[in-house]
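These notes concern the structure reproduced below.
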Amino acid sequence: MDENFLLQTATAQELYHNHAAKMPIIDYHCHLIPQMVADDYRFKSLTEIWLGGDHYKWRAMRTNGVDEKYCTGKDTTDWEKFEKWAETVPYTFRNPLYHWTHLELKTAFGINKILNPKTAREIYDECNEKLARPEYSARGLMRRYHVETVCTTDDPVDSLQYHIQTRESGFEIKMLPAWRPDKAMAVEVPAEFRAYVEKLAEVSGTTISTFDDMIEALRKRHAFFAQQGCKLSDHGIEEFYAEDYTDAEIKAIFNKVYGGKELTKEEILKFKSAMLIIFGEMDWETGWTQQFHYGAIRNNNSKMFKLLGPDTGFDSIGEFNTAKAMSKYLDRLNSNGKLTKTILYNLNPSANEVIATMLGNFQDGSIPGKIQFGSGWWFLDQKDGMEKQMNALSLLGLLSRFVGMLTDSRSFLSYPRHEYFRRTLCNLLGNDVENGEIPASEMDRVRQMVEDICYYNAKNFFQF
């Protein structure tokens, strides 16, 4: 993993080192814990910052025969957990975890050793010694990776106190909230939905007894998020919802579920369809960008879900026939003149060409790349997945207008994913130049294209 890692040609190397590598990071979708940034959190050990909450690593460890106590257990030491990860790493050849692991060791800690059982202790001790230094705090790591802006993922009922605290502290890196209203349309369990609506009523200062009341409360929170610098929403959905409905039906469905009664599948789909449209209209009114992450089957292992809860490594790619519903949803907003900037992320790679062609249906010439094909997400945020996403976008749209990479991570050590993406991008373009598929006389345009995808497109698109 030398300086030319993944860069197969001289052109790729020039594009990366002189252009991509110099660009600041705009991480417009992540799951960092805002309090850690506000408090400038100091990490207790390499295990805490590297293995805590990392379900990618947990999945690999379980697959390698490692007992659950070394993944999520509370009765094992940090060293014991790290030791088991080090034992697993040599078995991860061809898994992106192998590259990520060593890229993170190199860029964060300056360690070029290969992690394996023989080197585990010295690497662990060296990293822990460095983590004790002030420059390895949460904010220190963001500075180290030349981060300019991050957008966290926040529920409408969140107070955003840590965003406010961070801004008022004078921290030079922007940490902005992003609106994630999934719970406001989660009507599958009436008691949980009612509890959420009651919390929404409390934080918005609104009495909620009807559907219109709930929407008014959400509008108040939407405006509050906008006041705190929010420019994006995000929706985590299995599939797109675009059922036909009437206002009267939605109001009746709300009354039914708020009253504690279970909804039929048809009623659930109608309610979610209505909420997605309303959220899309809110975002259009404020000029936000709406993001849709779709296609995951979550919490497949019911036994482990009961034991550990969500986001612990038991999710997978789903199969959904969602193209028609996606089209119908976008068309409804567009027909009313209320389709805002939109980013679509698919989890199933079989939908790459579906997404890439859907974009062109709703581009309107108002801004470059108004409808975006989001970067490879979750199981696809690795070299193969990123190449397939960029190839589909290149063939069926305009790669030049792509807003680029994001971490989608909870870890302050995940910023090298931007480097991994940038190296992959430069390698693709470098190969095209050297193969004669892009004229060498147009290198100035290629260089600008690299800088745009790595930084300027996102900065201009989101108006950060």
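Since the model is a prediction, treat every value here as computed from it, not as a measurement.
- For E135, the CD atom counts as densely surrounded, since its 6.0 Å shell holds more than 12 non-hydrogen atoms of other residues, nucleotides or ligands.
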*List the steps, then state whether salt bridge (charged side-chain N to carboxylate O under 4.0 Å, His left out) holds for R417 with D381.*
CA-CA 8 Å; R417 291 186 190 180; D381 65 352; 3.2 Å; yes

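- Residue-environment remark: NZ (K388) stays at or below the threshold of 12 foreign heavy atoms within 6.0 Å.
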_salt bridge (charged side-chain N to carboxylate O under 4.0 Å, His left out), that's the test. Do E267 and K261 meet it? Break it down for me._
CA-CA 12 Å; E267 289 171 331; K261 295 181 180 177; over 6 Å; no

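- Under a cut-off of 6.0 angstrom, the local environment of NZ in K256 is crowded, with over 12 non-hydrogen atoms contributed by other residues, nucleotides or ligands.
- Annotation: Y28 is not in aromatic contact with F461 [ring centroid separation under 6.0 Å not met].
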*After noting the C-alpha distance and the side-chain angles of R180 and D182, does the key distance pass the salt bridge (charged side-chain N to carboxylate O under 4.0 Å, His left out) rule?*
CA-CA 6 Å; R180 180 73 173 254; D182 295 354; 2.7 Å; yes

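- Side-chain rings of Y294 and F320 stay apart, their centers remaining 6.0 Å or farther from each other.
- Not a single donor-acceptor pair under 3.5 Å links the side chain of T92 to the backbone N or O of N95.
- Remark: side-chain polar atoms of Q389 are paired, donor with acceptor, to backbone N or O of F373 under 3.5 angstrom.
- With rounding to the nearest 0.5 angstrom, the CG atom of D54 is 10.0 Å from the CZ atom of R410.
- Atom CD of E285 sits in a crowded spot, with more than 12 heavy atoms from other residues, nucleotides or ligands closer than 6.0 Å.
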*Could you go step by step and tell me if K174 and E148 meet the salt bridge (charged side-chain N to carboxylate O under 4.0 Å, His left out) rule?*
CA-CA 6 Å; K174 287 184 185 177; E148 182 177 290; over 6 Å; no

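- In this structure, the side chain of W58 engages the main chain of L51 through a donor-acceptor pair within 3.5 Å.
- A donor-acceptor pair under 3.5 Å is absent between the side-chain atoms of K341 and the main chain of W288, judged by distance alone.
- K328 places a side-chain N or O within donor-acceptor distance of the main-chain N or O of A242, the cut-off being under 3.5 Å.
- Taking a 6.0 Å sphere around CD of E192, one finds it holds 12 or fewer heavy atoms contributed by other residues, nucleotides or ligands.
- In this structure a side-chain-to-backbone donor-acceptor pair under 3.5 Å is missing from Q228 to L176.
- Within a 6.0 Å sphere centred on CG of D364, other residues, nucleotides and ligands contribute more than 12 heavy atoms.
- At distances below 3.5 Å, at least one donor-acceptor pair connects side-chain atoms of R221 with backbone N or O atoms of P156.
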